[in-house]
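Since the structure comes first, as structure tokens, the remarks are kept for the end.
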Amino acid sequence: MLDIKLIRNEPQKYRQGLEAKNAGDRLAELLKWDAERRQCTAQGDELKAIRNRVSDEIGQMKRNGQPAEEKVLEMKKVGQKIDTIDKKLKDIENQINEILIALPNIPHSSVKIGKTAADNVTVKEWGRQPEFDFPLKDHLDLAEALGILDFKRAAKVSGAGFPLYTGDGATLERALINFMLDFHRNKHGYKEIFPPFMVSRESAFGTGQLPKLAEDMYRVDEEDLFLIPTAEVPVTNIHRNEILPEDTLPLKYTAYSACFRREAGSYGKETRGLSRVHQFNKVELVWFTTPENSYQIHEQLLQDAEEILQVLNLSYRVVALCSGDLSFAAAKCYDIEIWAPGSGKYFEVSSVSNFEDFQARRANIRYRRTSDNKVDFVHTLNGSGVATPRLMIALLENCQTPEGTIIIPQALQKYTGFSQIGTQK
RNA sequence: GGAGAGGUGGCAGAGCGGUUGAAUGCGGCGGUCUUGAAAACCGUUUUUCGAUUGCAUCGGAACGGGGGUUCGAAUCCCUCCCUCUCCGCCA
């Protein structure tokens with residue numbers, strides 16, 4: 001959520017920021033309601049001040065045994081006026097709120113202005129795309145031949161778009177999760193979290209999934225709970241409605257979760273195999289920090305996520321998203337895209353975002369500054385570290401042999417317990 | 001699922017219709033004392049909206065959320081949420 005006070009003070013800046021994010025301009029309307037709200041508040045407060053004062057007097061008179069009928073009647077009238085104003089004020093506030101909660105975050109000054117993904121900028125390429133002297137298969141052909149992935153039966157069990165890992169495939173999936181969690185915990189010093197996979201409406205609002213992205217989430221009707229699309233949601237909401245002492249910051253958490261996405265409206269787009277599924281596994285990194293440090297931490301977070309791919313020796317590139325491609329809550333975002341030679345393209349395995357105080361304001365996550373004891377909103381950041389399906393795609397396709405077997409990267413072998421898939425039966 | 005108890009400031013815990021934004025204790029911060037520390041003593045210690053707009057000052061709001069009764073609500077009523085205890089069921 002944006003700060004209405006800041007919008008009021010610098011409308012031009014926010015107008016430009018919202019335009020850069022392709023967000024319809026409702027600022028004029030918002031500011032009109034804001035002015036009206038303040039006027040209304042002033043009127044109401046004045047009347048309430050009178051009521052408070054006179055009500056005190058009535059109390060005193062009654063205690064002294066004096067009649068107070070006249071003042072009571074007078075205050076009854078004042079009370080009615082207050083009711084009218086309060087009702088109007090509530091309407092106005094609803095209008096303001098409706099606009100405000102639907103406005104996206106505005107981009108950071110370092111973000112390139114652009115319309116679509118075509119305007120994104122590749123800022124880094126790591127590793128070499130391996131060369132092969134045999135015809136390559138893509139991950140789905142490999143996996144089905146090896147019997148480690150079974151979409152047909154998954155469809156029988158759950159429907160289209162759900163992965164079913166079997167045998168060594170299931171073990172490899174589990175190995176990836178454990179490897180990543182251990183890595184972030186032991187090497188990067190993140191605190192490990194195992195969050196709930198369903199969250200309340202409030203939590204989904206806090207991180208910005210609601211109200212705009214409601215149709216992307218699965219909802220459990222009876223309980224009004226949402227299946228999480230990412231661990232970001234429960235983990236960020238751990239500190240909802242809290243005031244954190246500054247000396248406890250930054251907080252850095254890593255969490256595994258299953259992630260559930262309806263992927264509504266994306267039929268036909270990149271749906272082969274594991275590239276887009278309704279349920280997947282992801283290890284997430286979440287930071288809470290002071291505003292001064294958040295952009296430095298953003299770079300750090302990117303590095304932490306990248307390192308996973310480096311250790312697995314998988315080639316990737318880092319893309320800085322342009323303003324128009326940023327998600328609702330993000331002020332700045334890097335995508336990490338991994339090279340998959342069998343498919344001949346890059347797949348996004350991580351999104352590393354700085355939300356500044358956008359989520360913190362929605363979720364009311366604050367900190368108390370040591371210097372002056374004042375409270376202010378924290379900055380939240382998160383990044384995938386990383387999501388498994390597309391990592392699996394890249395891994396299978398990069399590590400394939402002419403025989404169609406898979407060589408497990410060194411770093412993973414102690415987690416899988418085997419060094420190759422498809423050799424011995 | 002059934003029965004009961006309860007949600008008040010950083011924590012503990014009073015208050016149950018008017019001078020209570022909230023006693024008291026603990027903790028925190030500042031000070032006195034001390035070579036230093038402890039103890040003791042004194043002071044201080046929520047957030048938020050708005051108005052004149054630097055600090056400051058004045059006013060409004062907030063005792064789980066929402067609604068109601070009343071001149072006046074932490075206190076009464078309704079409703080929702082949450083926590084705890086016991087019973088049942090269950091991984």
Side-chain angles (χ1 to χ4, degrees), chain A residues 1-10 30-101 194 196-206 210 219-226 234 237-249 251 258 288 357 360-378:
Chain A
M1 196 147 57
L2 299 174
D3 184 348
I4 185 115
K5 276 187 262 180
L6 295 178
I7 297 177
R8 194 189 298 153
N9 293 338
E10 297 181 90
L30 181 67
L31 290 170
K32 190 199 78 184
W33 285 120
D34 180 51
E36 223 166 296
R37 185 190 118 251
R38 281 182 293 156
Q39 200 198 336
C40 220
T41 304
Q43 280 176 16
D45 285 0
E46 206 175 307
L47 290 173
K48 284 173 189 171
I50 292 171
R51 184 177 67 181
N52 287 345
R53 189 170 40 84
V54 177
S55 289
D56 270 358
E57 289 170 15
I58 293 171
Q60 249 163 31
M61 291 167 81
K62 290 214 164 174
R63 249 170 288 133
N64 296 339
Q66 299 169 337
E69 279 310 301
E70 199 179 315
K71 280 181 193 260
V72 168
L73 277 172
E74 202 182 317
M75 283 311 102
K76 206 176 181 102
K77 278 187 202 145
V78 172
Q80 280 162 0
K81 275 191 206 162
I82 290 174
D83 273 356
T84 312
I85 290 173
D86 275 352
K87 284 211 174 72
K88 188 176 161 199
L89 191 59
K90 190 151 203 179
D91 284 346
I92 294 171
E93 278 170 352
N94 286 341
Q95 293 288 343
I96 290 175
N97 206 30
E98 188 204 312
I99 298 174
L100 212 50
I101 63 173
F194 206 121
F197 292 175
M198 290 193 254
V199 293
S200 66
R201 197 165 272 282
E202 291 73 36
S203 290
F205 176 83
L210 287 180
R219 172 157 161 258
V220 178
D221 210 18
E222 290 83 348
E223 320 289 342
D224 201 30
L225 291 172
F226 295 86
N237 277 283
I238 289 174
H239 295 298
R240 178 151 50 86
N241 291 329
E242 289 186 17
I243 299 176
L244 306 161
E246 182 175 357
D247 60 19
T248 63
L249 299 177
L251 292 167
F288 301 80
D357 61 5
R361 187 168 279 113
R362 289 185 153 238
N364 194 29
I365 308 168
R366 296 176 292 175
Y367 74 103
R368 190 179 298 280
R369 271 198 300 267
T370 336
S371 58
D372 60 3
N373 235 27
K374 292 269 188 267
V375 293
D376 198 359
F377 291 104
V378 299

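Every chain is numbered from 1 and lettered A, B, ... according to where its sequence line falls, protein lines coming before strand lines.
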**OP:** Name the nucleic acid region contacted by A/Arg201, choosing base, sugar-phosphate or nothing; use a 4.0 angstrom heavy-atom cut-off, strictly under.
**Re:** nothing

Subject >> Residue mapping more 5' on RNA chain B - nearest nucleotide basis, A/Gln60 or A/Ile4 >> reply: A/Gln60

**OP:** Measure from the side chain of A/Ser55, starting at C-beta and using heavy atoms only, and say which of B/C71, B/C49, B/G60 lies closest.
**Re:** B/C71

Subject >> Euclidean distance, atom CD of residue A/Gln66 to atom P of B/C71 [Å, nearest integer] >> reply: 19 Å

Original post:
Does the A/Asp357 side chain pair with the main chain of A/Phe377, one donor and one acceptor, at a distance under 3.5 Å?
Top reply: no

**OP:** Would you mind classifying the nucleic acid contact of A/Arg63 as base, sugar-phosphate or nothing, using non-hydrogen atoms under 4.0 angstrom?
**Re:** base

Subject >> Atom-to-atom span, CD of A/Glu74 to P of B/C71 - whole angstrom >> reply: 13 Å

Original post:
Just to confirm, is there a sub-4.0 Å distance from OP1 or OP2 of B/G50 to any side-chain nitrogen or oxygen of A/Arg8?
Top reply: yes

Original post:
Given side chains that start at C-beta, do those of A/Leu47 and A/Asp45 come closer than 4.5 Å, heavy atoms only?
Top reply: no

**OP:** Give A/Ala42 one of three labels, base, sugar-phosphate or nothing, depending on what nucleic acid heavy atoms sit under 4.0 Å from its own.
**Re:** nothing

**OP:** Looking at every strand, decide which applies to A/Val78 at a 4.0 Å heavy-atom threshold: base, sugar-phosphate, or nothing.
**Re:** nothing

Original post:
Phosphate oxygens OP1/OP2 of B/C71: is one of them under 4.0 Å from a side-chain N or O of A/Lys71?
Top reply: no

Subject >> Watson-Crick or G-U counterpart of B/U32, or none if no pair lies under 3.5 Å >> reply: B/A40

Subject >> Contact nearer the 5' end of RNA chain B, comparing A/Lys76 with A/Ile243 >> reply: A/Ile243

Original post:
When the C1' atoms of B/A12 and B/G27 are considered, how many whole Å apart are they?
Top reply: 10 Å

Subject >> Rounded distance in Å between the C1' positions of B/A73 and B/C63 >> reply: 11 Å

**OP:** Examine B/C49: is either OP1 or OP2 under 4.0 Å from a nitrogen or oxygen in the side chain of A/Arg38? Give yes or no.
**Re:** no

Original post:
Do the side-chain N or O atoms of A/Arg53 get closer than 4.0 angstrom to the phosphate oxygens (OP1, OP2) of B/C71?
Top reply: no

Original post:
Does B/U24 pair with anything, Watson-Crick or G-U wobble, both distances under 3.5 Å, and if so, with which nucleotide?
Top reply: B/A12

Subject >> Donor-acceptor contact below 3.5 Å, side chain A/Arg362 vs main chain A/Ile101 >> reply: yes

**OP:** Classify the nucleic acid contact of A/Lys5 as base, sugar-phosphate or nothing, counting any heavy atom under 4.0 Å across all strands shown.
**Re:** sugar-phosphate

Original post:
Tell me the side-chain hydrogen bond (donor to acceptor under 3.5 Å, both in side chains) pairs involving residues 52-67 of chain A, sequence neighbours left out?
Top reply: A/Glu57-A/Lys71

Original post:
Expressed in angstrom and rounded to an integer, what is the separation of A/Leu89 atom CG from B/G50 atom C1'?
Top reply: 11 Å

Original post:
Should A/Arg38 and A/Asp34 count as an ion pair when the cut-off is N to O under 4.0 Å?
Top reply: yes

Original post:
Expressed in whole Å, how much space separates the C1' atoms belonging to B/U53 and B/G59?
Top reply: 15 Å

Original post:
B/C81 and B/U70: how far apart are their C1' atoms, nearest whole angstrom?
Top reply: 27 Å

**OP:** Sort out the partner of B/C63 for me: Watson-Crick or G-U wobble, both distances under 3.5 Å, none otherwise.
**Re:** none

Subject >> Atom-to-atom span, CZ of A/Arg368 to P of B/G9 - whole angstrom >> reply: 14 Å

Original post:
Which whole number of Å gives the distance between the P atom of B/C26 and that of B/G43?
Top reply: 14 Å

Subject >> Side-chain heavy-atom pair A/Asn237, A/Val199 within 4.5 angstrom cut-off >> reply: no

Original post:
Between B/C89 and B/G2, how far is it from one P atom to the other, in whole Å?
Top reply: 15 Å

**OP:** For the side chain of A/Lys90, starting at C-beta, report the closest nucleotide among B/G67, B/C71, B/C49.
**Re:** B/G67

Subject >> Length of the CD-P vector between A/Gln80 and B/C71, whole Å >> reply: 9 Å

**OP:** Working to the nearest 0.5 Å, report the span between CG of A/Asn94 and CG of A/Leu89.
**Re:** 9.5 Å

**OP:** In whole angstrom, give me the gap between the C1' atoms of B/C71 and B/C58.
**Re:** 24 Å

Original post:
Under 3.5 Å, is there a donor-acceptor pair between the side chain of A/Arg37 and the main chain of A/Glu93?
Top reply: no

Subject >> Short side-chain N/O contact to B/A61 OP1/OP2 from A/Asn52, under 4.0 Å >> reply: yes

Original post:
Does B/C84 pair with anything, Watson-Crick or G-U wobble, both distances under 3.5 Å, and if so, with which nucleotide?
Top reply: B/G4

Original post:
Is there a Watson-Crick or G-U wobble partner for B/C55 with both distances under 3.5 Å, and which nucleotide is it?
Top reply: none

Original post:
Which whole number of Å gives the distance between the P atom of B/A22 and that of B/U45?
Top reply: 10 Å

Original post:
Taking atom P of B/G72 as reference, at what distance in whole Å does atom NZ of A/Lys48 sit?
Top reply: 12 Å

**OP:** Take atom CZ of A/Arg366 and atom P of B/G10, then tell me their distance rounded to the nearest Å.
**Re:** 10 Å

Original post:
In the strands shown, is B/C90 matched to any nucleotide by a Watson-Crick or G-U wobble pair with both distances under 3.5 Å, and which?
Top reply: none

Original post:
Between A/Leu244 (CG) and B/G10 (C1'), how many Å, whole number?
Top reply: 13 Å

